[in-house]
Amino acid sequence: MAKTKDESKAESESHLRGHRRPSRPLLSDNQWQEAIRRRSAHVGIIGLGYVGLPLMRTFCGAGFTCLGFDIDQAKVEKLTAGKSYIKHIPSSLIKKVMAEGKFRATSDPKKLRDCDAIVICVPTPLTKMREPDMSYVQSTAHLIADHLQRGQLVVLESTTYPGTTRELVKPILESSGLHAGHDFFLAFSPEREDPGRTDHTTETIPKVVGGMDARSLRIAAALYGAAVHRVVPVSSCEVAEAAKILENVYRCVNIALINELKMLFDRMGIDVWEVVSAASTKPFGFQPFYPGPGLGGHCIPIDPFYLTWKARQFDMSTRFIELAGEINTSMPEYVVQRVAEALNERKKALNGSRILILGLAYKKNVDDIRESPSIELIEMLKERGAKVDYNDPFVPRTPRQREHNLNLISRKLTAATVRAHDCVIIATDHSAYDYEWIVRHSRLVVDTRNATGKVKSGRSKIVKA
Ligand SMILES: NC(=O)c1ccc[n+]([C@@H]2O[C@H](COP(=O)([O-])OP(=O)(O)OC[C@H]3O[C@@H](n4cnc5c(N)ncnc54)[C@H](O)[C@@H]3O)[C@@H](O)[C@H]2O)c1
């Protein structure tokens, strides 16, 4: 296709700036649409974790071939051997897409040159000072820049503050000498994965897409449109970035509100779970949120603080987020206090007591322990002299984490184990647990999730927290 004046200008400029001159021809809009229609567009996914692997399943399921790139060699080897390391992605699926030649995993960045689209799904955690840790996104952008080809589409999916794609990713990619919107295309499309959820999948969750320019948006929307049921195009990358942050702030703030009300209602002798259940019968204007032992996971405890950080650049403080963070992070402390009180009523001290934590994962039916309040609970209880064990059917041992190394093994859940502990804390309400059975064999149960709500006998042993 003949180049536009702008394209020729940008091309010659990028040639001057560039340290490398990729030879690949720029695809026209029609060629891109055709490659998507025929499923000949090759999709590269960087970061094969909780987000990247389900995304691979979605693109492969829609008929595309995918290249998965990860710096973690162990993950690449496992996938290449047909093994999954994520509970809800079965190994049979990995074997199938590998056997069909639809997917391969690599840690060789040169292979990214063969991809038409490159989707970034790397972590966006907080630093120790609770500021955005953009190092993963930055190093990924540099890696792509080193191999960027003309005509490629790059999409950032990692959750981040509004402005990241334009202010951080674009300049790094353009250090290749190629120009966004002319030589390559750039978009942001937030991941809305909710591991463990069975009523929605990556395909059925609408995909918000914002482009750096109109053409980037068209191409990115067309690509996702071929793989998911509904694409929601928005006017800019910033709107797409902000939409994702809004979703997570909304959850964080509402969970904090219900956690605060839990403490108040408890003092008033009112069961917060019964209150939420009653309020939920209103057919409009109310969405239920549930209290718990604190926030966990890679998103809700972290992402809102990306916005807090960015707000400072605009001389604003995000007071709702700060307050919600304060309340939510104080929840493990509240649970420990409730445990100490409950033991005290039974003439026992927390110091020296044996405590069994049920559920290490941050939420039910998943194996993800990132930011899990259970870890916090274990550390706080140990600090106060308790002897702590845990059971989690999905977490056989505690892995080494960035800031924790508990080095514990999941205790087998037998009647003798339960009986041997002074207190059982239900920290995660996994469906696999038989709560009737747990209460029957326990001396004291501190329930942070209302998991025992339907348990009929032994209710005097249950304390809600
Ligand atoms: N987990 C969720 O439920 C969820 C939901 C929505 C959005 N997100 C967002 O998606 C992003 C990814 O989260 P995740 O849960 O998949 O993380 P993850 O830790 O499960 O996976 C990230 C992967 O990226 C790899 N990686 C790190 N640096 C890399 C690099 N420079 N090059 C290549 N690979 C690299 C890691 O080895 C890991 O396999 C984050 O921004 C997160 O906030 C996560």
Side-chain angles (χ1 to χ4, degrees), residues 44-58 67-79 83-89 94 105-112 115 118-126 132-147 154-161 164-165 168-169 172 188-197 200-202 205-208 240-241 243-252 295-307 361-372 399 401-402:
I45 296 173
I46 301 191
L48 302 171
Y50 283 91
V51 164
L53 267 194
L55 193 65
M56 174 282 284
R57 177 181 58 187
T58 301
L67 174 78
F69 172 86
D70 204 295
I71 47 167
D72 186 339
Q73 189 61 37
K75 283 187 178 164
V76 170
E77 279 166 19
K78 271 197 180 151
L79 292 170
K83 290 187 191 133
S84 172
Y85 38 78
I86 289 184
K87 193 176 144 278
H88 56 286
I89 302 282
I94 306 291
T106 185
S107 48
D108 177 2
K110 286 199 289 298
K111 300 237 164 72
L112 292 169
C115 296
I118 299 175
V119 186
I120 306 171
C121 307
V122 297
T124 43
L126 291 174
D133 177 355
M134 299 310 295
S135 60
Y136 298 89
V137 172
Q138 268 170 315
S139 63
T140 301
H142 279 293
L143 182 125
I144 297 174
D146 286 344
H147 301 280
V154 179
V155 186
L156 179 63
E157 288 218 3
S158 304
T159 310
T160 182
Y161 58 83
T164 306
T165 312
L168 189 83
V169 176
I172 298 176
F188 180 84
S189 179
E191 186 46 65
R192 292 163 138 180
E193 194 67 19
D194 186 9
R197 184 172 276 283
H200 290 283
T201 61
T202 317
I205 301 169
K207 198 96 177 81
V208 172
E241 290 160 336
K244 171 69 191 186
I245 289 266
L246 167 63
E247 291 163 18
N248 287 355
V249 167
Y250 175 76
R251 285 193 63 73
C252 169
L295 288 184
H298 188 15
C299 297
I300 316 293
I302 291 172
D303 304 340
F305 293 98
Y306 270 62
L307 191 58
Y362 78 90
K363 68 171 183 176
K364 72 194 289 186
N365 305 339
V366 301
D367 58 356
D368 190 348
I369 65 161
R370 289 177 291 179
E371 308 289 323
S372 174
Q401 295 177 282
R402 270 209 308 184

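Remember, it's 1-based here, ligands and their atoms both numbered in the order they're listed.
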Can you give me a line-by-line list of nitrogen or oxygen pairs between ligand 1 and the protein shorter than 3.5 Å?
from	atom 1	to	atom 2	distance (Å)
ligand 1	15 (O)	R370	NH1	3.2
ligand 1	15 (O)	R370	NH2	3.0
ligand 1	16 (O)	Y50	N	3.1
ligand 1	16 (O)	V51	N	2.9
ligand 1	17 (O)	R370	NH1	3.3
ligand 1	19 (O)	R370	NH1	3.3
ligand 1	20 (O)	Y50	N	3.0
ligand 1	31 (N)	T140	OG1	3.2
ligand 1	37 (O)	D70	OD1	2.6
ligand 1	39 (O)	D70	OD2	2.6
ligand 1	39 (O)	K75	NZ	2.8
ligand 1	41 (O)	V122	O	3.4
ligand 1	41 (O)	T124	OG1	2.6
ligand 1	41 (O)	T159	N	3.0
ligand 1	43 (O)	T159	OG1	3.4

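- A cation-pi geometry, defined here as NZ or CZ lying under 6.0 Å from the six-membered ring centre and within 45° of its normal, holds between K75 and Y85.
- L48 contributes atom CG, which lies 13.0 Å from atom NZ of K78 (distance to the nearest 0.5 angstrom).
- Checked options I120, T140, L143; the residue passing with F69 is L143 (criterion: side chain to side chain contact (heavy atoms under 4.5 Å, CB included)).
- Scored by the ring-ring contact (aromatic ring centres under 6.0 Å, His included) test, Y161 finds W309 as partners (sequence neighbours excluded).
- Of the possible polar contacts, none joining the T124 side chain to the S158 backbone as a donor-acceptor pair under 3.5 Å is found.
- At a cut-off of 3.5 Å, with distance as the only test, no side-chain donor of D108 or T106 sits close to an acceptor on the other residue.
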